[in-house]
Structure formats: C-alpha cells, structure tokens
Protein chains: 2
Amino acid sequence: MIQVNVRDPRPIYEQVRDGFRRLILSGVLPAGSKMPSVRELAAELAINPNTIQRAYRELELEGCICTVPGRGSFVSASDAAAALRRRELTDELRAAVKELRALGMNEAEILSAIREGTGND
Amino acid sequence: MIQVNVRDPRPIYEQVRDGFRRLILSGVLPAGSKMPSVRELAAELAINPNTIQRAYRELELEGCICTVPGRGSFVSASDAAAALRRRELTDELRAAVKELRALGMNEAEILSAIREGTGND
DNA sequence: TTTGCTGTATTAAATCGCTTAGTACAGTCA
DNA sequence: TGACTGTACTAAGCGATTTAATACAGCAAA
C-alpha cells in the first residue's frame with residue numbers, strides 16, 4: 001500500500017505522509033476507512049513506530065485523517081484537505097510558469113510542454 | 001544581490017546556488033561578468049567561505065559559471081544550463097498538473113489557475 | 001620578485017534533523 | 001482481564017550542514 005525508499009533523500013516520515021495523502025485525496029482510501037495502526041505499519045515497513053507516528057500526526061494536522069485514542073486512525077472527509085492541497089499545487093504551478101517565462105518560454109510552449117509528455121528543446 | 005535566510009529550512013549553500021542560478025539564467029548577470037570572490041561574498045553575507053565554495057562548485061558542475069584558479073569565477077554562456085533548468089521545471093509542471101487532475105480539476109480550471117493570480121475555491 | 005588577490009583542499013568540531021530503541025501511560029473493546 | 005489502540009518521553013546513533021582554522025597553488029600588478 002505504501003512504499004518507502006531508503007535511497008530517497010527525503011525523510012521517511014515525509015514519504016509515508018505524502019504517500020497516504022495521495023491515496024486519501026485521490027479517493028483510493030475512502031472517507032471512514034481505517035488506517036493501519038502505528039505498530040502494524042511500522043512492522044510491515046520495517047521502520048520505527050515513532051516515524052509512522054510522526055507521519056500520522058502531520059496527516060491529522062492537515063485534516064486528512066482523524067485519530068481516536070484507543071480505537072485507531074480513520075480517513076476523514078477531506079474536502080478541506082483537498083482544497084489545501086490544490087492550493088499548494090497551484091502555487092507551485094504558478095511559480096514554475098513564472099520562472100519558465102523568465103527563461104524565455106512563451107505561453108504556447110509552456111502549454112505544449114504540459115500537454116505532451118515529450119521533453120522540450 | 002543574494003539574500004540568505006537562516007530560518008529557511010533549506011541549506012545555505014542551496015539558497016546561494018539557487019539565487020545565483022536564477023540571476024544568471026534570467027540574464028540579470030550576463031555571460032562573462034565576474035562573480036564575487038568566495039571570501040568577498042562570505043564576508044558580505046556573514047557566512048563561512050566553505051559554504052560559498054560549495055555553492056560555486058555546484059554552479060560550475062551545472063555549467064552556470066566557469067572558475068579560473070587565481071582569477072575568479074565568471075558567468076558562462078549558459079545555454080546548456082538553461083535547457084537543463086527548463087527541463088526540471090517542465091517536469092515539475094507536469095507532476096503538479098497530473099496530481100491536480102487526480103484531485104478533480106479539469107484542464108480549463110488548471111489553466112485559469114495559472115493565468116489568474118487569484119487563489120481558487 | 002614581492003604583495004595581494006584568487007580558487008582549492010583538508011581536518012576538526014559543533015550543531016541539527018532524522019531515526020531508532022526502549023519504556024511507559026491511557027483509552028477502547030471483546 | 002487481556003490485547004489492541006494512540007500518545008509521550010528520554011537516550012542514543014547517524015549523517016548532513018556549517019563553521020573554523022589552516023595550507024597550498026595560480027594569477028596579476030607594483
């Protein structure tokens with residue numbers, strides 16, 4: 001369900017957090033479904049429970065999951081989290097477009113670079 | 001000319017490197033112009049010369065600058081570096097667009113989010 | 001040549017974030 | 001009660017970043 005790559009320079013807790021965020025926001029994990037327990041996932045991925053806990057804590061702060069002490073963590077109705085993520089992504093998008101314009105690409109070139117999977121230049 | 005923010009979680013050498021890369025690729029620093037010396041810039045920014053040196057080394061590897069031992073570092077004709085950067089940015093762009101599509105945004109919404117500086121939803 | 005700049009290389013130490021390990025406590029449910 | 005759940009805490013190791021202090025070599029001008 002979630003994969004962790006030790007050669008990835010990003011911290012493990014970020015990989016876990018981003019992996020679940022994607023699964024949740026894309027609807028693969030529907031609202032209300034139960035997240036694996038901290039210890040269970042830690043054993044499955046062979047990493048420390050504290051690292052999983054940190055990922056879960058951030059997902060909770062983002063509004064992606066809702067934790068109930070003693071019961072577990074559950075995917076929450078994530079309209080707010082989805083809106084937050086859309087906002088982040090559009091901000092990234094605008095920054096990239098701005099810099100590409102500064103590098104001399106016009107709007108048509110940028111659009112074609114988005115639509116076509118082919119590399120430019 | 002370059003600003004460093006200690007509260008930025010990114011390493012200082014990355015901030016320096018990215019700052020100069022932007023100045024060079026955008027044409028603010030024209031090809032052939034002299035970069036500040038390692039010691040001079042370190043004193044100006046109040047950081048260690050080794051940190052500046054690391055930023056310069058990476059800029060040289062990217063092809064943005066050309067260093068001549070004993071003389072200094074100079075902005076190089078950076079067509080290859082510009083192409084590299086364009087490639088990085090279009091890759092970022094495509095990844096963001098892909099995720100936004102997965103979040104339910106259609107192409108028209110994405111395009112308007114790029115064109116208009118206003119936040120959506 | 002001497003002086004003063006330039007980049008480069010090296011080592012040691014301090015700091016910080018990430019990760020692991022171990023332990024402990026409290027809530028939930030069969 | 002017992003077995004699970006999340007949570008909290010401390011201690012330690014590790015690696016990257018940064019600083020510090022030197023040292024060496026190339027270039028240019030007085």
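Chain letters run A, B, ... following the sequence lines, proteins first and then strands; every chain starts at 1.
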Less than 4.5 Å apart, any side-chain heavy atom of [X] and any of [Y]?
X	Y	answer
A:L59	A:T67	no
A:E107	B:I114	no
A:D18	A:R22	no
B:I12	B:V16	yes

- Under 4.0 Å between a side-chain N/O of A:R57 and OP1 or OP2 of D:dT7, yes or no?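 Indeed not, no polar side-chain atom of A:R57 lies that close.
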Determine yes or no for a side-chain-to-main-chain donor-acceptor pair under 3.5 angstrom, with [X] supplying the side chain and [Y] the backbone.
X	Y	answer
A:Q15	A:N5	yes
A:S76	A:G63	yes
A:E58	A:A55	no
A:R94	B:A113	yes

- Query: Quick one: how far along DNA chain C does chain B reach, first to last nucleotide 5' to 3', anything under 4.0 Å to a heavy atom?
  - Reply: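 Answer, 5' to 3': C:dT6 to C:dT10.
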Name each donor-acceptor pair under 3.5 Å that joins a side chain in residues 31-45 of chain A to protein atoms two or more places apart or in another chain, with its distance.
unit_1	atom_1	unit_2	atom_2	d
A:S33	OG	A:P30	O	2.7
A:S37	OG	A:E40	N	3.0
A:E40	OE1	A:S37	N	3.4

Among [range], which residues get a heavy atom nearer than 4.0 Å to DNA chain D?
range	result
residues 62-75 of chain B	B:P69, B:G70, B:R71
residues 34-52 of chain B	B:R39, B:I47, B:N48, B:N50, B:T51
residues 7-22 of chain B	B:P11, B:I12, B:Y13

- Full working for salt bridge (charged side-chain N to carboxylate O under 4.0 Å, His left out) between A:E62 and A:R85: CA-CA 9 Å; A:E62 295 176 5; A:R85 184 66 182 153; over 6 Å; no
- Given side chain to side chain contact (heavy atoms under 4.5 Å, CB included), test B:M105 with B:V97 step by step and report yes or no. CA-CA 9 Å; B:M105 284 183 77; B:V97 167; over 6 Å; no
Throw together a table of side-chain donor-acceptor distances under 3.5 angstrom for residues 46-54 of chain B, partners on residues two or more places apart or in other chains.
unit_1	atom_1	unit_2	atom_2	d
B:N48	OD1	B:N50	N	2.9
B:N48	OD1	B:N50	ND2	3.3
B:R54	NH2	B:Y13	OH	3.4

